[in-house]
Every structure is written in structure tokens, then in C-alpha cells.
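What follows is one structure encoded as C-alpha cells, with my remarks underneath.
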Number of protein chains: 2
Amino acid sequence: MDDKQRLIIEQAIALADEHGLDAVSMRAVSQRLGLSSMALYPYIGGKDALLDGMVEGLFAEMLAMAPADGSWQDRLRAVSRAVRALARRHPGAYPLIVSRPGAAAETRRLDDLLAGILGSAGVPEPEVPRLSRLLSTLLLGFANAEINGHFGAGPASPDEWDAEFAADLDDEIRMIEQLVTRT
Amino acid sequence: MDDKQRLIIEQAIALADEHGLDAVSMRAVSQRLGLSSMALYPYIGGKDALLDGMVEGLFAEMLAMAPADGSWQDRLRAVSRAVRALARRHPGAYPLIVSRPGAAAETRRLDDLLAGILGSAGVPEPEVPRLSRLLSTLLLGFANAEINGHFGAGPASPDEWDAEFAADLDDEIRMIEQLVTRT
DNA sequence: ACCTGAACACCGTTCAAGT
DNA sequence: ACCTGAACACCGTTCAAGT
């Protein structure tokens, strides 16, 4: 029954969002489920595995949000929106995505998604993996910066972040278009 | 005497690089200095302030590495090299840069440096702050991905990371050049 | 099969005390 | 002024035990 596993991860994410990542302890998570801390161990391996599971859960949620139709530009914008929406929905848990190694299997699905988009944009195949990684670094990192309050002099309101992100994306889209026509 | 403060932060960074971030405890750091853990509190505020201090120390080290002469393209490449060199020199401590809010004063100096470079590239002033943030997100995030082993199918050897990073930077440089001539 | 309690070796931090 | 020891309320995790 990995229903229970999913339940545990769900509660851990909720706890992180409500009280910060530091509040995510085995004891606190188990308490939310009416169990003792040791009851979690059979379902998740331990604290580290729980954090990995949270990353996996976050990615899964994000990938479920991104629609897969429209022009490649539209799809790219949809993925970007999904990443930022995830970060804002999970301000406490999201930073795990950027701070934990990509051991999780779901992690690579974002790169695959981006690779698909770039492929249909006409990007030459040997360039696709590199550009996927560039974009995922930028998307994940930018959302993290917003959540973490990076950039002392950065955008102040969510609307300003939206505008900045849209402009960044337009630049990247132009970069990709130029790369395609250069070939 | 914030000589002592610097000494503490130095040892904390060394400890992180040698034994991982989790090994950085007040007790372990103080032991490296031949002190009890409580002796650190007058010099640094506590664990959180210590971690912030480490971020500050890392940024300072990086900024000292980046030469400030040559064409704007050369200077941009120099900054990029400095970021990656920092990450590889501090594989344990570096991730703090990306996981901790930019409260540290030094944090913004990277954006200033990038803004200066973009300014001398001829980027229109209203676009400069946004592009500085885009570049710093990309540079810091990419180095973090390398350290953290993000991207399951990513580059395997340091040389491959070098090549990928150089290609990314060329793309960004072209993007900036195009943005300048479009004006 | 599923859960618990006590226990161990750790944390960060406070506070009274030492020189 | 600078440092320490004991103590407190927490951790993650093990292990024997309960039903």
C-alpha cells in the first residue's frame, strides 16, 4: 500500500508549506497522521528518503499541470507557468527541488518535456539536451529566486515577477528561434 | 575582532566541503577551533547567522576571482568561470548560495557586476536589471546543477560540463547582442 | 502485519559560573 | 573580556516488544 507512502509525503509537504522546511521532522510528520515517528519507517526509508519523496511529489504535481497542446512557444510558456505556480503553491517545500540532487526519477521528466518542445521547435537534435538543461535550470532557478526573495532589488509584487518572467521567456524563445534559423 | 568571525566561517566552509553540509554543527565547527560550541555565539549569532556568513564568504571569494578587464564578452565569461570555479572548490558549501535567501549583502554584488557588464555591452538601461537577474540565476543554478549531479543524462566529465557551459554562454551572448542591435 | 516505548547519540541554545 | 559545563528541549534511528 503505497497509498500510505503518498499520504506521508503529502503531509510532509503540507507541513513544510505551513511551518517551513525545518519543521519537517519525522516526529512532526507522524504526529499529523496520528502515528508515532517509528511507524513511518516501513513506508519511507528515513528522513532523506522522505525529502526525496517530497521532491518527486512536487515534480509530479507540476507535470500534471502543464498542458501539452498548442505551438511550441505556447507549450514552453505553459511549462514555465506550471513551475512558477508550483513554487507559489508550495513556498516551503519547493526549494527542495533545487537543493536536492536529481536522484528522483520524476526529475528527468521535466527535461524530457522540454526536449520534446525544443524538438518540435526545430532545434537541431544534438543541441536539444543542452538547451533542455539550460531552460530547466533557468525555470527552476527563477522560481526559486522568487520564493526565496533572492535579488534584493528585484521585483516587489507578483505581477512584476510575472512581467519579468514573461520577458525572460520571450528572450529565450527568440534565442531558440534564432538558433533554428541559423541552421 | 572579526578576524575570529572570519576564522569561524572559514572553518565551517572547510567542514562542509570535507564532510558535507550536514556535518556543519556548532559543536563540530567549534571543535575544529579548539573551543566549546558556546564560545562561537558571541562572534556569530547562531547557526542561521553562521550559514549566512558562509554564503557571504563564498560570494566574496568568487568576486575576488573575476578579473574586470577586456571586452564585455570576456568579462562575462570570466564571471562565469569564477562561479564554476567556486562551486568546484567548495562542493559541500556551494549549494548554500542557492538554497539560502539573498539576505547577505555580498549577494547583490554579483548582480551589480553583471549589470556593469551588460551596461557596457550597450543593453538599454531599463532592461539591465532584469537581464542581470536572468544571468545570475542561470550562472548560479548551472553551477549548482553540476555540483549536485542534477540531470541524470547530463555531462559526465568536467570537460563536458565546460563545453556545455561555454555553449550556453555563447547563446546568451548572442541573445544580448541581438537585443542590443534590435534597439 | 502493523504499530509503539524506551533508549542512544546527536542537535541548537540558555544560563549561571569560572578566570 | 573571554570561555566553559551542565542542562533543556529537541532531532533521526535502532531494537525489543506488544497486538
Side-chain angles (χ1 to χ4, degrees), chain A residues 1-58 92-97 99-101 103-104 148, chain B residues 1-58 92-97 99-101 103-104 148:
Chain A
M1 348 215 120
D2 41 347
D3 276 358
K4 215 124 181 185
Q5 196 181 124
R6 203 167 42 251
L7 231 164
I8 293 168
I9 289 167
E10 207 172 274
Q11 289 304 313
I13 291 174
L15 189 56
D17 292 334
E18 287 167 32
H19 298 100
L21 259 182
D22 290 347
V24 178
S25 68
M26 292 289 135
R27 283 167 163 95
V29 172
S30 65
Q31 200 177 266
R32 269 178 100 98
L33 295 156
L35 294 170
S36 81
S37 68
M38 297 71 70
L40 307 184
Y41 282 79
Y43 300 102
I44 46 135
K47 181 77 181 289
D48 264 33
L50 173 60
L51 296 176
D52 285 339
M54 292 168 72
V55 172
E56 203 116 20
L58 291 171
Y94 178 86
L96 280 176
I97 279 186
S99 65
R100 287 190 81 77
N148 266 353
Chain B
M1 347 220 123
D2 41 348
D3 277 356
K4 215 125 179 183
Q5 197 181 123
R6 203 167 40 251
L7 230 164
I8 293 168
I9 289 167
E10 207 171 273
Q11 289 304 313
I13 290 174
L15 189 55
D17 291 333
E18 287 168 32
H19 297 100
L21 258 181
D22 290 347
V24 179
S25 67
M26 292 291 134
R27 283 166 162 96
V29 172
S30 64
Q31 200 177 266
R32 269 178 98 98
L33 295 155
L35 295 169
S36 81
S37 68
M38 297 71 72
L40 307 184
Y41 282 79
Y43 300 101
I44 47 136
K47 180 77 181 288
D48 264 34
L50 173 60
L51 295 176
D52 285 339
M54 291 168 72
V55 172
E56 204 116 18
L58 290 171
Y94 178 86
L96 281 176
I97 279 188
S99 65
R100 288 189 80 77
N148 265 353

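Please read these numbers as outputs of a predicted model, since none were measured by experiment. In the text below, chain A, chain B and the rest are named by the order of the sequence lines, each starting its count at 1. As a basis for the values below, the full set of heavy atoms in this structure was taken, side chains included, without hydrogen atoms, waters or symmetry mates.
- A 4.5 Å side-chain heavy-atom check between A:N148 and B:R100 finds every atom pair outside the cut-off.
- Protein atom CD of B:Q5 is 16 Å distant from nucleotide atom C1' of D:dC2, rounded to whole Å.
- Look at CG on B:D22: it is 12 Å from C1' on D:dC11, rounded to the nearest Å.
- Between C:dC10 and A:K47, no contact under 4.0 Å exists linking OP1 or OP2 to a side-chain N or O.
- Regarding B:D48, its CG atom lies at a distance of 11 Å from the P atom of C:dG12, rounded to whole Å.
- Other residues, nucleotides and ligands place more than 12 heavy atoms under 6.0 Å from the CD atom of B:E18.
- Nearer the 5' end of DNA chain C, as judged by each residue's closest nucleotide, is the contact made by A:P42, out of B:M26 and A:P42.
- Rounded to whole angstrom, the span from the CD atom of B:Q31 across to the P atom of D:dG5 amounts to 13 Å.
- If you find the closest nucleotide of DNA chain C to A:R27 and to A:L35, the one lying nearer the 5' end belongs to A:L35.
- B:K4 places its NZ atom 11 Å from the C1' atom of D:dA1, with the value rounded to the nearest Å.
- Per the geometry, CG belonging to B:L21 stands 14 Å off P belonging to C:dC11, to the nearest Å.
- Residue A:S36 places none of its side-chain N or O atoms closer than 4.0 Å to OP1 or OP2 of C:dC3.
- Considering all non-hydrogen atoms of both residues, B:I9 and B:G53 come closest at CG2-O, 3.6 Å.
- Distance A:L50 CG to D:dC11 P: 14 Å, rounded to the nearest Å.
- The side chain of B:Y43 has D:dC2 as its nearest neighbour among D:dG12, D:dT13, D:dC2.
- A close approach under 4.0 Å does not occur between any side-chain nitrogen or oxygen of B:Y41 and OP1 or OP2 of D:dC3.
- Within the shown strands, D:dA1 is the pairing partner of C:dT19 under the Watson-Crick or G-U definition, both distances less than 3.5 Å.
- Of the possible donor and acceptor atoms, none in the side chain of B:S37 sits under 3.5 Å from a partner among the backbone N and O of B:R27.
- For D:dC11, there is no paired base (Watson-Crick or G-U wobble, both distances below 3.5 Å).
- Annotation: the span from B:K4 atom NZ to B:L35 atom CG amounts to 6.5 Å, rounded to 0.5 Å.
- Counting to the nearest Å, the P atom of C:dT13 and the CE atom of B:M38 are 13 Å from each other.
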